[in-house]
Amino acid sequence: MPELPEVETIKNTLKRFVIDKTITDVTVFWPNIIKRPDDAEQFKDLLHGQSIRDIHRKGKFLLFELDDAILVSHLRMEGKYSVHPSGEPVKKHTHVIFTFNSGEELRYNDVRKFGTMHLFNKGEERLGKPLNQLGPDPFDEAFTVDYFYQKLKKTDRQIKSVLLDQTVVAGLGNIYVDETLFKAKIHPLRKARQLKKREVQAIREAAISTLREAVAQGGTTIRSYVNSQGDMGMFQQELFVYGQENEPCKECGRPITKMKVGGRGTHVCVSCQK
DNA sequence: TCGGCTGTTAGTAA
DNA sequence: GTTACTAACAGCCG
């Protein structure tokens, strides 16, 4: 589900509910979510007594900053965080509960159980998986045209697949890649290494502006995404190609085509995108 | 009823 | 080393 704009929105809404709350207990119903440490009991012990001081985002990852630790969380397709009074009935697909000293709980819910949590000592989170291979955030100043152009030049893959590669740039997923390529007027099947520098520049700018606008709209809700207050995003109203199969292109009027690229459903205006 | 699809990515095979 | 495919899981749609 969530790509950069959704994770950013979740971070911002969640902060209001959890900052300076102290974890007094952790309950893990589906241990496979916990990837580090490998033992869920140890995970629980390390979190006991820790307070949430801040929440950060890197690509699609949420980073919960605790007193002595960083909890790195990826929501994958359907992960959600929400805060509830302790007495409230627990919903189906809730897999981890962080109990606070405030009489509330932070609950992690994930229909498909794909999400992951990695716990690190503070300062060590960038050294191991999953953050050690992550490319720059699109909003980071390290995401320069030169960096991007060099990366694209040394791969044989199609541009769409490269944009989905989180080691190249971190935060784009299937929706925003399709939207970015439409905005840049580039066909998703183009070989990355054959793109001209001005095309690479156009993709970079399209990605940044698309993501910025989507953050402003609170993300995109296609089926299940809601932020940590339960609000839907609004960016689905601004989509040009994603989910617009057979609809007229908002630029040229010709129908949007759906195809497969790298195994992913891909939406393209074959008239606008070359 | 069942196969195919879904906002992701780690692991494996070629 | 690079790239392509699949599995992890559940639900929805035709």
Side-chain angles (χ1 to χ4, degrees), chain A residues 1-11 29-36 38 57-62 72-81 91-96 108-118 128-135 151-181 188-189 191-193 207 210-211 214-215 217-228 231-246 258-267:
Chain A
M1 163 184 56
E3 306 179 34
L4 185 152
E6 292 75 35
V7 178
E8 178 70 15
T9 305
I10 289 164
K11 182 196 78 179
F29 298 106
W30 186 256
N32 289 357
I33 303 273
I34 314 301
K35 302 297 185 186
R36 179 195 164 109
D38 40 20
R57 180 191 59 73
K58 170 96 175 146
K60 302 176 192 172
F61 289 91
L62 282 173
V72 179
S73 172
H74 198 300
L75 306 169
R76 293 290 182 95
M77 297 289 270
E78 306 238 21
K80 293 175 184 59
Y81 280 103
K91 288 199 195 104
K92 194 177 176 183
H93 305 304
T94 296
H95 305 306
V96 184
Y108 178 73
N109 186 288
D110 186 345
V111 168
R112 295 178 71 182
K113 299 177 175 168
F114 285 176
T116 60
M117 296 183 193
H118 293 76
K129 287 203 282 191
L131 295 184
N132 59 347
Q133 298 285 40
L134 205 63
K151 276 283 185 185
L152 297 189
K153 230 167 57 169
K154 58 185 176 202
T155 179
D156 248 342
R157 297 139 81 201
Q158 295 150 341
I159 183 61
K160 164 139 185 178
S161 298
V162 182
L163 290 175
L164 287 170
D165 183 344
Q166 304 296 299
T167 70
V168 174
V169 56
L172 293 165
N174 210 30
I175 295 178
Y176 297 109
V177 166
D178 282 4
E179 292 300 310
T180 292
L181 288 173
L189 289 176
K191 288 282 192 176
R193 67 147 40 105
T210 301
L211 292 168
V215 169
Q217 298 290 322
T220 302
T221 297
I222 300 295
R223 14 202 287 269
S224 66
Y225 164 73
V226 289
N227 68 24
S228 290
D231 309 320
M232 296 188 350
M234 297 297 285
F235 193 72
Q236 60 276 14
Q237 298 173 7
E238 321 285 328
L239 296 174
F240 284 88
V241 287
Y242 188 88
Q244 309 300 305
E245 185 181 8
N246 297 329
K258 188 169 181 187
M259 58 195 293
K260 281 265 192 219
V261 180
R264 308 296 303 276
T266 298
H267 311 76

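Note on naming: letters A, B, ... go to the chains in the order of the sequence lines (proteins, then strands), and numbering restarts at 1 for each one.
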> Taking CG from A/L134 and C1' from B/dT9, how many angstroms apart are they, rounded to a whole number?
Replying inline: 12 Å
>> Measuring only the P atom in each nucleotide, how far is C/dG1 from B/dT9? A whole number of Å is fine.
In response: 23 Å
> Could you go step by step and tell me if A/Y242 and A/T220 meet the side chain to side chain donor-acceptor pair (under 3.5 Å) rule?
Replying inline: CA-CA 11 Å; A/Y242 188 88; A/T220 302; over 6 Å; no
>> Side-chain N or O of A/K260 versus OP1/OP2 of B/dT6: is the shortest distance under 4.0 Å?
In response: yes
>> Tell me the interatomic distance from A/D156, atom CG, to C/dG1, atom C1', rounded to whole angstroms.
In response: 12 Å
> Can you tell me if CE on A/M259 sees more than 12 non-hydrogen neighbours from other groups inside 6.0 Å?
Replying inline: yes
>> Quick check: on DNA chain C, is the nucleotide nearest A/H93 upstream (toward 5') of the one nearest A/R76, or the reverse? Name the residue that is more 5'.
In response: A/R76
> Any idea how A/Y176 and A/F235 line up, ring-wise: parallel (<30°), tilted (30 to 60°), or perpendicular (>60°)?
Replying inline: tilted
>> Treating A/T167 as the side-chain partner and A/D165 as the backbone partner, does any N or O pair qualify as donor plus acceptor under 3.5 Å?
In response: no
> Which part of the nucleic acid does A/S224 contact within heavy-atom distance under 4.0 Å: base, sugar-phosphate only, or nothing?
Replying inline: base
> Taking the same atom, P, in C/dC9 and in B/dT1, what whole-Å distance lies between them?
Replying inline: 24 Å
>> Using side-chain heavy atoms (C-beta onward) and a distance below 4.5 Å, is A/L75 in contact with A/Y108?
In response: yes
> How many Å lie between CG on A/D165 and P on B/dA10, as a whole number?
Replying inline: 10 Å
>> By the 4.0 Å heavy-atom rule, please label A/K92 as base, sugar-phosphate, or nothing.
In response: sugar-phosphate
>> Let's test this: given Watson-Crick or G-U wobble pairing with both distances under 3.5 Å, identify the partner of B/dC5.
In response: C/dG11
>> Students often get this wrong, so: under 4.0 angstrom with heavy atoms, is A/G173 touching a base, only sugar-phosphate, or nothing?
In response: sugar-phosphate
>> Just the rounded figure in Å: distance from C1' of B/dT8 to NE2 of A/H74.
In response: 6 Å
>> Can you measure A/L172 atom CG to B/dT9 atom P for me and round it to whole angstrom units?
In response: 10 Å
>> Is the shortest side-chain heavy-atom distance between A/N174 and A/K160 below 4.5 Å?
In response: yes
> Under 4.0 Å: is that the gap between some side-chain N or O of A/Q166 and OP1 or OP2 of B/dT8?
Replying inline: no
>> Closest-nucleotide mapping onto DNA chain C: is A/R112 or A/S161 further toward the 5' terminus? I mean the 5' end.
In response: A/S161
>> Need to verify one output field. Residue with the more 5' nearest nucleotide on DNA chain B, A/G171 or A/K129?
In response: A/G171
> When the distance from CZ of A/R264 to P of C/dA7 is rounded to whole Å, what number comes out?
Replying inline: 16 Å
>> Categorize A/Y176 for me: base, sugar-phosphate, or nothing, with a 4.0 angstrom heavy-atom threshold over every strand shown.
In response: nothing
> Atom CD1 of A/I222 to atom C1' of C/dC12: distance rounded to whole Å?
Replying inline: 15 Å
>> If you compare every side-chain N and O of A/K258 against the phosphate oxygens of B/dT6 (OP1, OP2), does one of them come in below 4.0 Å?
In response: yes
> Roughly, in whole Å, what's the span from CD in A/E6 to P in B/dT6?
Replying inline: 17 Å
> A/G262 near the nucleic acid: base, sugar-phosphate alone, or nothing, with a heavy-atom cut-off under 4.0 Å?
Replying inline: nothing
